[in-house]
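Working notes, structure below.
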Amino acid sequence: MSRYLILLVAVLCVLNACNSSKMKVDLIVSDAIIYTVDNSFSTAESFAVKDGKFIAVGTTPEILAKYTSDQVWDCKGKPIYPGFIDAHCHFYGYGMDLMQYAILDGLTAPENIYNKLLEHRQKLTSSWVLGRGWDQNLWPEKSFPDNKRLNEIFPDVPVYLVRVDGHAAWCNAKALELAGVKAETKVDGGEIILKNGKPTGVLIDNAMSLVFNHIPTPGNSLKTRALLEAQQNCFGVGLTSVTDCGLPKETILLIDSLQKKGALLMQINAMMDPSKENMDYFLKNGPYHTDRLQVRSIKLYADGALGSRGAYLLEDYSDQPGHKGLLINSEAYFDDICQKAYDAGFQVATHCIGDGANRVVLNIYGKYLKGKNDKRWRIEHAQVVNSADFNLFGKYAVIPSVQATHATSDMLWADERLGSERIKGAYAYKQLLDQNGWLPNGTDFPIEDISPLKTFYASVVRKNLDGQPAGGFQMENALSREEALKSITLWAAKAGFQETKAGSIEAGKNADFVVVDTDLMKCSDDAILKAKVLKTVLGGFTVFDSEKK
């Protein structure tokens, strides 16, 4: 054997010996800008993943010296963030909308909606015409519609169109007829809008169920398709976990079965609706956990939405004297559910838009929480809060769960509802953050867009997608970029009791992360909206790759 061959063999032996001393892992990511979102908000260059978890985070030389892998990603300086978490959305509902509904978002005149419905009807023939997303605030007259034109276009097919906020429905005469809705029909916690003594077709809050309950129930096949479609779209925007707010028992069990079969990968914190079926089934056994599903929260609705004037205010609406909105249920009802949840060890999360609803629920919560605690009971939206009530979030350790894009969607007309003084306590995210030192953020999709990057933008910049208003909306309540990132990662995880397994890039946590083409911490405001998710990784497994779409 020549001495050169002997030398080569020796070198290979040394290299093999070095490699054999390293731990074999499933994935190494190197040369990235990694925002770990740990306690010190540190950055790193590299991490190693094994068995679906981060096992080490550090510099590229440190990780490569200790670990070896058949899969090494050189990110060439691309930024990486923890997997984004939506702290409040309607994941299943979004999927079902994709399957059944005409999407009416952003349409600026009723005539555009009628045209969209006719197109939808040609594509999807069913026993009902369903739609979602209309918003009279975008129309020239900014007033609720009537159903005259709907009746002309669809005389024999029932039509049910959900407003953008989900708190009003616009129905034709056929739908009202099937449901037996008449001018004299009354419903607690809801309203049937009348004009000249006759129903216009617009139903507010609890009145919506009068018609909705007559829509045929979809089968599991369609529900499954809806969940899988929603999942893929969410992975595409960097979401690795969602809180789905207000689900019936059969949907929760379907999610559980699909996850156990490996078909549904999305991590879901499922808030159950307060039906007797849910309460009887889940509360008796305590919170339910698997690797991908958690059921430990009850979702309540205290009031409606500001846009449809269903939000419950302490004083009259500025643009409708004599009207304060309404509580959807009695205070005794909320008190009873809170007692049952407290006794069973469940979290309560209540939709509160108006300052009246926020005050009522905060005081009921205080009856059970009695000061600082770690129960993490939540107010969803916390949209309008009286100046005298902000301290109650801190006093009772109640978590305000907000959706920053609501501010930028509503800001052009919200002052009309609230007036110049009351608006100062609306969408007050920084003031709410100060109460407990952390704040979960979400989108409320399908009411808003599913993208967490738009949530980040709205939180920091406080402008809409057209860049309005020029100076930002009530910028004293903007979040810093660090706070905004925490609100869609670590703090969103904490709101669902998941902070020990998700929300940051740290050893021992699930290897959920997102590769983005833009450094959100350093880029211009405009560049945030142009940022694109390149890869989404869930438990070390790539679930979205922009190059393989």
Side-chain angles (χ1 to χ4, degrees), residues 88-97 99-100 130 160 162 166-167 169 179 187-190 203 205-227 230 242-261 264 266 268-290 292-304 327-351 361 364 368 375 377-378 380 496-497:
H88 178 116
C89 70
H90 302 276
F91 178 77
Y92 166 72
Y94 166 71
M96 289 304 298
D97 283 2
M99 296 295 108
Q100 300 183 104
L130 305 175
Y160 181 85
V162 182
H167 288 271
V187 57
D188 291 337
L203 309 175
D205 290 313
N206 284 356
M208 297 167 66
S209 64
L210 298 175
V211 172
F212 180 80
N213 290 340
H214 289 266
I215 299 173
T217 303
N220 276 355
S221 176
L222 185 64
K223 291 180 180 179
T224 298
R225 286 170 49 209
L227 288 164
V242 297
T243 292
D244 199 340
C245 297
L247 293 173
K249 174 190 166 187
E250 64 269 16
T251 302
I252 296 174
L253 296 183
L254 175 62
I255 287 170
D256 194 22
S257 68
L258 291 172
Q259 288 176 328
K260 286 175 177 174
K261 292 174 183 175
L264 188 64
M266 179 65 74
I268 298 174
N269 177 31
M271 291 183 173
M272 62 180 183
D273 67 37
S275 66
K276 185 177 186 303
E277 186 179 31
N278 265 339
M279 301 288 277
D280 289 347
Y281 185 84
F282 288 107
L283 259 63
K284 66 180 179 182
N285 296 317
Y288 178 74
H289 303 270
T290 70
R292 299 194 183 278
L293 178 65
Q294 174 177 266
V295 186
R296 65 176 299 166
S297 306
I298 303 170
K299 169 71 186 304
L300 304 176
Y301 285 89
D303 63 346
L327 282 177
I328 287 178
N329 282 293
S330 68
E331 293 186 34
Y333 169 85
F334 298 122
D335 196 319
D336 178 61
I337 298 293
C338 286
Q339 178 72 71
K340 290 174 179 174
Y342 187 86
D343 291 345
F346 274 67
Q347 181 188 53
V348 180
T350 308
H351 164 116
V361 173
I364 292 173
Y368 297 95
K375 300 293 185 183
W377 285 20
R378 299 164 48 155
E380 304 302 312
F497 299 89

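Heavy-atom basis, side chains included; hydrogens, waters and symmetry copies ignored.
Shortest non-hydrogen contact noted between Ala226 and Met99 is CB-CG, 3.7 Å. Residues Lys299 and Cys245 come closest through the heavy atom pair NZ-CB, 3.8 Å. Considering every non-hydrogen atom in both Leu222 and Pro218, the closest pair reads CD2-CB, 3.8 Å. Minimum interatomic distance between Gly496 and Gln294 (heavy atoms only, all atoms of both residues): O-NE2, 2.7 Å. Closest approach of Pro287 and Arg296 over heavy atoms only: CB-CB, 3.6 Å. The shortest heavy-atom contact between Ala341 and Ile298 is CB-CD1, 3.7 Å.
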Legend entry - Check against side chain to side chain contact (heavy atoms under 4.5 Å, CB included), Thr251 and Asp244: CA-CA 11 Å; Thr251 302; Asp244 199 340; over 6 Å; no
Inset, instruction - Please report the C-alpha distance between Lys284 and Asp280 in whole Å, then the side-chain angles of each, then the deciding distance to 0.1 Å, and finally whether the salt bridge (charged side-chain N to carboxylate O under 4.0 Å, His left out) criterion is met. - result: CA-CA 6 Å; Lys284 66 180 179 182; Asp280 289 347; over 6 Å; no
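Looking only at side-chain heavy atoms (C-beta outward), Tyr160 and Met208 come within less than 4.5 Å of each other. Residues Gln259 and Ile268 have side chains in contact (heavy-atom distance under 4.5 Å, counting atoms from C-beta outward). Put simply, the side chain of His88 does not reach to within 4.5 Å of the side chain of His351, judged on heavy atoms. No side-chain heavy atom of Asp256 sits less than 4.5 Å from a side-chain heavy atom of Ile252. Tyr342 has its side chain within reach of Lys375: a pair of non-hydrogen atoms, C-beta onward, lies under 4.5 Å apart.
Taken from CD1 in Ile364 to CD in Glu331, the straight-line distance is 5.0 Å, to the nearest 0.5 Å. Remark: Leu254 CG to Lys249 NZ distance equals 13.0 Å, nearest 0.5 Å. How far OH of Tyr94 is from CG of Leu227: 12.5 Å, rounded to the nearest 0.5 Å. With rounding to the nearest 0.5 angstrom, the CG atom of Leu300 is 6.5 Å from the SG atom of Cys338. Here the CD1-CD distance, from Ile255 to Glu250, works out to 10.5 Å after rounding to the nearest 0.5 Å. Separating the CE atom in Met279 from the CD1 atom in Ile337 is a distance of 4.0 Å, to the nearest 0.5 Å.
Residues Tyr301 and Asp205 bring no donor and acceptor atom of their side chains to less than 3.5 Å of each other.
Atom CG of Asp335 has more than 12 neighbouring heavy atoms from other residues, nucleotides or ligands inside a 6.0 Å radius. By the neighbour-count criterion of 12 heavy atoms within 6.0 Å, atom CZ of Phe212 is sparsely surrounded, having that number or fewer from other residues, nucleotides or ligands. At most 12 heavy atoms of other shown residues, nucleotides or ligands fall within 6.0 angstrom of atom OH in Tyr281.
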